[in-house]
Chemist: 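Supplied in structure tokens, the structure appears directly below.
Values below: every heavy atom of this structure, side chains too, minus hydrogens, waters and symmetry copies.
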Amino acid sequence: MKNRQQDHVVTFILAETNNVRNNFRRILLRIMITFIFFFCLLYVLYSLICLNPSFKSTHRPLNTFIRFNQQNQSNTIQKNPNIKPPEKTQLHHIVFGIGSSRATWKYRKEYVKVWWNPNKMRGFVWLDKPIMSKNQSNMSSTSNYANVISTTSSLPQIMISSDTSRFKYTNKKGNRSGIRISRILSETIRTDSKNVRWFVMGDDDTFFVPENLVRVLRKYDHNQFYYIGSVSETHWQNHEFSYNMAYGGGGFAISYPLAKAIEKIQDKCIQRYPYLYGSDDRMEACMAELGVPLTKEVGFHQFDLYGNVMGLLSAHPVAPLISLHHLDKIQPIFPNVSRVKALKRLNKPINLDAAGLMQQSICYDGPRKWTISVSWGYSVQINRGILPAREIEKPITTFNDWYETGDENSFTFNTRPYHGNGCKRPFFYLLSDAYTTNHTTTSVYTYDGAPGRRCKWHTADPSRIRHVEVYKKPDPNLWDKSPRRNCCRILPTSKNDTLLVDVGECRDGETI
């Protein structure tokens, strides 16, 4: 009996022990499951916060995110030293298409020689007919893309435009050559499109400043659709054609992908507009069909003007000078020399500081009560009296509009009159020389020789000044900054017939 009781006790103890063990295991299992769940939750949160870039960019401070990206880029470059940043647009990325004809090329090629650099530039001159010579007498005038051997290596390669007789032309005032010239874009693409970012169109009487053209095009993404140029200076020209059209003579630039898009549709597009006048309005019509607007750059100059453009060039807009057109219509930009020699003179300051060419600076000679305007590399004006800068910014009307109306309201910009009053008429000094010394340019301007002007104002007489010397340090990064005129300062001198001027970036707190 006693042994049975002992057995029951042992059995009971063993059962309780097993229950305790089972309970312990269940508790341990729950703890492990809870731990695993907590660990998984932490991992999910870590993934969201630390590994998700969009979460980081939204919730982390901006400077921390930028610093993180910069570190990543730096590490990538260190790990891959062969990776180079994309090359900036250079001259060799641009292909020029120059519209010409056999009749005009004979003498206008001299304009192109002044600015063309065969070692750095790519492009073609497109003629209507071959220039015949003894070695070319058997050449067909209708052959497509037939090369004509140029008489000099200092010019672009000459090409012959394809036949356009299949296109209808109904404009009674124009010339059907507008169809041929408008197709220069497509024919140039088919001739040379390797490693091209921009196609630039112009005429044989267009003078380009290539360095400034590159500066302007670098602002834009050549992988996007861009149609860049400017309008006419005469209001009624824009009214008759379009304020949304880049005038072809002033030149315009078309990005590579846009040029390819135009090339695909151009012939069909041309057929829809037989009534249009010229080549540039046909180009604008096709751009409109693609929905691409004109991006205006005021440094392209159509020069739908007559006479002396000195007043306009002496008050150039705050923008790089890119082109000058209608060289046969306007007077030579420097007097008493041929048009070609005048352009060659302009090459001196271009070679020294193309970015600063014709940029206007305004300052005052307080003791003599003069207002000085410097158009660097071109001209200097001395005006009697202290005139506000907003007046000096306006070009003087030394020129006439395209229709020769003599109406100051016919221009697309504000002007001020070329006074008959001798006191109000400025004294002009035009570039005679330019050179560099110790990283500083010296440009010399000589009185233009206009006869003396009678004036009863009680101010110093500028006619005693025969020369102006302007000192300026080149600033190749001028157009990488926000647009602003340089400042100028009058320097002391013992020469009674010379005015010395320093031109440079405005100092802190300095105003005109």
Side-chain angles (χ1 to χ4, degrees), residues 307-316 330-337 341-342 345-346 348-349 358-400 415-435 441-472 485-503 512:
N308 188 344
V309 295
M310 178 173 60
L312 179 56
L313 295 181
S314 296
H316 193 273
I330 61 174
Q331 295 178 12
I333 58 174
F334 293 108
N336 305 319
V337 295
K341 287 185 177 179
R345 186 186 299 182
L346 199 62
K348 283 188 175 183
M358 294 190 189
Q359 294 308 300
Q360 187 185 28
S361 302
I362 303 168
C363 54
Y364 300 97
D365 187 330
R368 289 183 280 198
K369 296 182 180 179
W370 290 346
T371 301
I372 314 297
S373 172
V374 177
S375 174
W376 188 87
Y378 180 65
S379 72
V380 175
Q381 297 176 43
I382 300 179
N383 299 267
R384 287 186 174 97
I386 304 299
L387 306 178
R390 69 188 304 269
E391 286 299 313
I392 300 298
E393 287 179 344
K394 299 176 183 178
I396 298 174
T397 50
T398 59
F399 45 85
N400 206 343
T415 62
R416 56 191 176 111
Y418 190 38
H419 283 286
N421 185 327
C423 295
K424 295 182 178 180
R425 180 174 292 188
F427 287 74
F428 277 99
Y429 301 79
L430 298 174
L431 179 78
S432 57
D433 197 9
Y435 53 89
T441 63
T442 300
S443 49
V444 182
Y445 307 81
T446 303
Y447 182 52
D448 69 349
R453 306 166 178 84
R454 294 182 179 180
C455 178
K456 296 182 180 180
W457 289 6
H458 298 293
T459 58
D461 186 1
S463 65
R464 297 179 181 180
I465 303 297
R466 312 310 289 182
H467 304 280
V468 180
E469 293 182 10
V470 178
Y471 308 111
K472 178 180 180 294
R485 299 190 188 280
N486 278 333
C487 288
C488 64
R489 306 108 189 166
I490 307 302
L491 301 177
T493 178
S494 58
K495 299 179 180 178
N496 294 327
D497 65 344
T498 302
L499 180 70
L500 303 184
V501 182
D502 172 68
V503 169
I512 295 175

Chemist: Would the number of heavy atoms belonging to other residues, nucleotides or ligands and lying under 6.0 Å from CG of N421 be above 12?
Modeler: yes
Chemist: Under the ring-ring contact (aromatic ring centres under 6.0 Å, His included) rule, what do Y378 and F334 come out as? Steps first, then yes or no, please.
Modeler: CA-CA 9 Å; Y378 180 65; F334 293 108; 5.2 Å; yes
Chemist: Would you find a donor on one side and an acceptor on the other, under 3.5 Å apart, between the side chain of S379 and the backbone of S375?
Modeler: no
Chemist: Kindly compute the distance separating OG (S373) from CZ (R485), expressed to the nearest 0.5 Å.
Modeler: 8.0 Å
Chemist: Mark yes or no for whether Y445, through its side chain, and G377, through its backbone, hold a donor-acceptor pair below 3.5 Å.
Modeler: yes
Chemist: In the structure I gave you, are the side-chain heavy atoms of I333 and R345 within less than 4.5 Å of one another anywhere?
Modeler: no
Chemist: Are more than 12 heavy atoms, taken from residues, nucleotides or ligands other than K495, located less than 6.0 Å from that residue's NZ atom?
Modeler: no
Chemist: Is the closest side-chain heavy-atom distance between V501 and V380 below 4.5 Å?
Modeler: no
Chemist: Who passes salt bridge (Lys or Arg N to Asp or Glu O under 4.0 Å) against R416, sequence neighbours left out?
Modeler: none
Chemist: Taking S361 for its side chain and V374 for its backbone only, find out whether a donor-acceptor pair lies under 3.5 Å.
Modeler: no
Chemist: For the Cys pair C487 and C363, is the SG-SG distance shorter than 2.5 Å?
Modeler: no
Chemist: Do any pairs count as a salt bridge (charged side-chain N to carboxylate O under 4.0 Å, His left out) and have a residue in residues 379-388, sequence neighbours left out, and if so which ones?
Modeler: R384-D461
Chemist: Measuring only between side-chain heavy atoms, which start at C-beta, is L499 closer than 4.5 Å to Y429?
Modeler: no
Chemist: Who pairs with K348 by salt bridge (Lys or Arg N to Asp or Glu O under 4.0 Å), at least two apart in sequence or on another chain?
Modeler: D433
Chemist: Keeping the roles fixed (side chain from T398, backbone from N308), state whether a donor-acceptor pair exists under 3.5 Å.
Modeler: yes
